[in-house]
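Written out below as structure tokens is the structure these notes cover.
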Amino acid sequence: MGFGDFDMTTNQINDTANTQNGDVYKVFNSVLNTIPMFFDSFPRAIMIVKGSDSAPHFIEQCKLMCQRKCEDICLKSHRRIKIYQGYVDKNYEILSITFKFYGGVDLESQIIIEDYVLGRRYDAVLLSRNIN
């Protein structure tokens, strides 16, 4: 699954767009509302959540247009995964009744997976439905 702004000129979805039109919570809630529907259709699946602003091509593009003149670390990268992870951390107790969470750390283009630790920074969050 992917979310982004639809570009009618190219007929493509841009998942790196930052329109700043004030609908961030509406979009975030739309993303969250798709998760239970996904697991209703695929109860044994594992979902991986990553932010498109964590991808190497985002960081390369950002550096080309950077007004902050970021050198080593792109200050605009990883914002989306931080938002997702903050939501999981804040609501972990209630969410863990329904879902099992894992944290993913990107090491040389491989995701190393571990049991989710509240407050630890991850490059990806993985989740599956608890099946009893």
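In terms of heavy atoms, Q85 sits closest to R121 at NE2-CA, 3.7 Å. Y122 approaches V117 most closely through the heavy-atom pair OH-N, 3.1 Å. Residues S96 and F101 approach most closely at N-CE1, 4.2 Å, considering heavy atoms. Nearest heavy atoms, V88 versus L95: CA-CD1, 4.1 Å.
Here F39 contributes atom CZ and T34 contributes atom OG1; the two are 10.0 Å apart, rounded to the nearest 0.5 Å.
V49 and F99 end up in the same hydrophobic cluster when Ile, Leu, Val, Met, Phe, Trp and Tyr side chains are linked at under 4.5 Å. I48 and V105 are members of different hydrophobic clusters when ILVMFWY side chains are connected at heavy-atom separations under 4.5 Å. Both Y87 and I97 are members of a single hydrophobic cluster when ILVMFWY side chains are connected at heavy-atom separations under 4.5 Å. I94 and V125 end up in the same hydrophobic cluster when Ile, Leu, Val, Met, Phe, Trp and Tyr side chains are linked at under 4.5 Å.
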Could you pull out every donor-acceptor pair under 3.5 Å between side chains of residues 40-47 and any protein atom, sequence neighbours left out?
{"residue": "D40", "atom": "OD1", "partner": "R129", "partner atom": "NH2", "Å": "2.9"}

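Y116 pairs by the side chain to side chain donor-acceptor pair (under 3.5 Å) definition with D89, not counting sequence neighbours. When the salt bridge (Lys or Arg N to Asp or Glu O under 4.0 Å) test is applied to K90, no partner is found at least two apart in sequence or on another chain.
Atom CG of L107 has more than 12 heavy atoms from other residues, nucleotides or ligands within 6.0 Å.
The shortest side-chain heavy-atom distance between L127 and Y102 does not fall under the 4.5 Å cut-off.
For D106 (side chain) and D123 (main-chain N/O), no donor-acceptor pair under 3.5 Å exists by modelled atom type.
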